[in-house]
There are 2 protein chains.
Amino acid sequence: MTILTPNITDGLLDTYNSEGIKQMAADGTATNIASELASDVHSGLLRPGDMFPSERNLCERFGVGRSIVRDGMTILHGMGLADHTKGTRPRVAIPTLSRVMLGASDAAQYFFKDNEGRAHLQQARLFLETSMVQYAVQNASNAQIAKMVGAVEECDANLDNIASFRNADVKFHHALAEVPGNPIFVALHETFVDRLMKRAPIKDNHLAHNQISNEGHKEIVSAILAKDTDAAVRSLTEHLVRNNETFLHRSLTNKIVKT
Amino acid sequence: MTILTPNITDGLLDTYNSEGIKQMAADGTATNIASELASDVHSGLLRPGDMFPSERNLCERFGVGRSIVRDGMTILHGMGLADHTKGTRPRVAIPTLSRVMLGASDAAQYFFKDNEGRAHLQQARLFLETSMVQYAVQNASNAQIAKMVGAVEECDANLDNIASFRNADVKFHHALAEVPGNPIFVALHETFVDRLMKRAPIKDNHLAHNQISNEGHKEIVSAILAKDTDAAVRSLTEHLVRNNETFLHRSLTNKIVKT
DNA sequence: TATGATATTTTTGGTCGACCAAAGATGACT
DNA sequence: AGTCATCTTTGGTCGACCAAAAATATCATA
């Protein structure tokens, strides 16, 4: 394993060429089949919504039995490129970073279920959104700011509706993640933050909490409009830290609220 | 699908309880088998290095045929929890965020192979490391700074050795990602940045390039020592943007250097 | 004849048990 | 106690079987 041809230990895919993309030697391994199909999807040879070639067809193409092909399809599904819903014939999924990350999310959730892991996740989120807000102060377009304002209004209109408020809350932070126009940030946000938010425990006295929370949103937008980076970061940090602290506090005082 | 029990579309794992962890109804689906084994690994019931129960054993336990169990093991491997190397009997891997992300990396590489995707990745890296450096200015311990200095010295000692310099270069940025002590940052760095760096094309005149690059490292550390956030961020940005620009420029002028 | 519904055949994914080579365990023999 | 032969267990692969879905053919009716 040299440095220039980095064969990272134990990835699902094993050999890379100088471009970093899997070489397509048609060896009949499951990983190879998966990566070849993946290439076809990303290259547009297979279009989202299409059906994959039938398994028997792939058997013939790779010269292996159906078990191998089937394994390859499982891997492909894990990569978020195959849509195996409800017994229907698998179809090509839209290749999206968010979908890809979803697979990682399934595996990563275990790291975030205890308080320590949750705190790490919260910190990562704080760092991510801090970067977003700093960027937004400098570069957010009026349309993007308007989208955030829209979410704030939606929050205000649903202060007493837990589900709807959360929806709007997520929408606000999602709009923030969209500002740089970088799909990586959106994917990270959807994969980790959105799920985290939607799964958060319910606060007692949620009306008051929601009011305070949305005041935080307003402060953030105001600071962005005023192009005041420090104020924006400060408001965001307060907004996020407060939620995390109330969670920890609730855990300490053992006030379990039924979900 | 309600908001409070978020059943995100099409994840590999399907049903969640209020804790967000998969419910363990012993239905004989591959995903269930995978998640149950995953639970056993994360709970410590299966220790890293152990062998998994034999496939026939699992067949009996879940009341299904070996194909299903085998599918479950494939999924588990995709989650980075099973070690299927070289035909030996699969063993329990150390559950690590980095390993988990490795699976996502295989699927995500396709999004980063063109110039646009690469630019997005570079931006994400810039944002991540900016956060790290800001945090480091405030909180880095002497030991952590010493580690960075060590990497800088190693860079200096290997200015003319492409592989060794890259190693030391990676080490420097890795040390930066370690400062907050948050495994998420380390995992993100190892998964995306390390691979990106090790795979980067070779510059012509690498000696001069390496010198300039390491000067950047020195500026960054100096700014951290001086607790000068602005200077640290500025140095880091210059350091990273320069690499990206030379890459794009090289691409435009078509000066392909053999790898 | 054209058209729509219905019956039939084919194809497809899902599941299973059987076979194989190799690795590991067991026992015999020196 | 050590070495070698034998046997058991294990993962890897394959083909066969099944139910459901799709495609095709059939036929009654306007």
Side-chain angles (χ1 to χ4, degrees), chain A residues 10-15 25-38 40-41 46-93, chain B residues 10-15 25-38 40-41 46-93:
Chain A
D10 262 315
L12 279 178
L13 311 181
D14 295 316
T15 54
D27 57 1
T29 73
T31 58
N32 180 58
I33 293 174
S35 71
E36 190 138 341
L37 268 318
D40 290 348
V41 172
L46 290 173
R47 306 189 145 276
D50 287 357
M51 330 174 286
F52 288 96
S54 82
E55 297 184 351
R56 270 123 179 145
N57 186 327
L58 293 173
C59 289
E60 191 188 355
R61 172 168 155 195
F62 290 96
V64 292
R66 216 146 69 80
S67 321
I68 318 286
V69 168
R70 188 143 251 279
D71 240 31
M73 293 299 294
T74 300
I75 294 173
L76 208 64
H77 181 210
M79 292 201 270
L81 294 180
D83 198 351
H84 271 262
T85 40
K86 51 181 174 185
T88 167
R89 187 159 163 197
R91 292 183 176 277
V92 179
Chain B
D10 262 313
L12 278 179
L13 311 180
D14 296 316
T15 54
D27 59 0
T29 72
T31 59
N32 180 59
I33 293 174
S35 70
E36 190 139 342
L37 268 319
D40 290 347
V41 172
L46 290 173
R47 305 190 146 277
D50 287 356
M51 324 174 291
F52 288 96
S54 82
E55 296 184 351
R56 269 116 178 151
N57 185 326
L58 292 173
C59 289
E60 191 187 353
R61 173 168 156 196
F62 289 96
V64 294
R66 218 146 70 79
S67 321
I68 318 287
V69 167
R70 188 142 250 282
D71 241 30
M73 292 299 295
T74 300
I75 293 173
L76 208 64
H77 182 209
M79 292 201 268
L81 294 181
D83 199 351
H84 271 263
T85 39
K86 53 181 173 184
T88 169
R89 186 158 165 198
R91 294 183 174 277
V92 180

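Keep in mind the model is a prediction, meaning the values are calculated, not measured. We name chains A, B, ... by the order of the sequence lines, and we start the count at 1 in each one.
- Here the CG atom belonging to Asn32(B) is positioned 6.0 Å from the CZ atom belonging to Phe62(B), to the nearest 0.5 angstrom.
- The separation between Leu76(A) atom CG and dG13(C) atom P is 13 Å, rounded to whole Å.
- Taking the salt bridge (charged side-chain N to carboxylate O under 4.0 Å, His left out) definition, one finds that Asp40(B) meets it with Arg61(B), sequence neighbours left out.
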query: Between Asp83(A) and Phe52(A), is a side-chain contact (heavy atoms from CB on, under 4.5 Å) present by the stated rule, with each step listed?
result: CA-CA 10 Å; Asp83(A) 198 351; Phe52(A) 288 96; over 6 Å; no

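- Rounded to whole angstrom, the span from the CE atom of Met51(B) across to the C1' atom of dG11(D) amounts to 12 Å.
- The separation between Leu58(A) atom CG and dG13(C) atom C1' is 12 Å, rounded to whole Å.
- Distance, Glu55(A) CD to dT15(C) C1': 12 Å, rounded to whole Å.
- Looking at residues two or more places apart in sequence or on another chain, you find a side-chain contact (heavy atoms from CB on, under 4.5 Å) between Arg91(B) and Met51(B).
- Across all non-hydrogen atoms, the minimal contact from Pro53(B) to Arg89(B) is C-NH2, 4.5 Å.
- What separates CG of Asp71(B) from C1' of dT15(C) is a distance of 11 Å, to the nearest Å.
- Whole-Å rounding puts the Arg89(B) CZ to dA22(C) C1' distance at 13 Å.
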Below 3.5 Å is the cut-off: list the nitrogen or oxygen pairs between protein and nucleotides 14-19 of chain D, distance only.
from	atom 1	to	atom 2	distance (Å)
dC14(D)	OP2	Gly65(A)	N	2.6
dC14(D)	N4	Ser67(A)	OG	3.2

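- Between the NE2 atom of His77(B) and the C1' atom of dG11(D) there is a distance of 14 Å, rounded to whole Å.
- Heavy-atom minimum distance, Val92(B) versus Arg47(B): CB-O, 3.5 Å.
- Taking atom CE of Met73(B) as the reference point, atom P of dT10(D) lies 13 Å away to the nearest angstrom.
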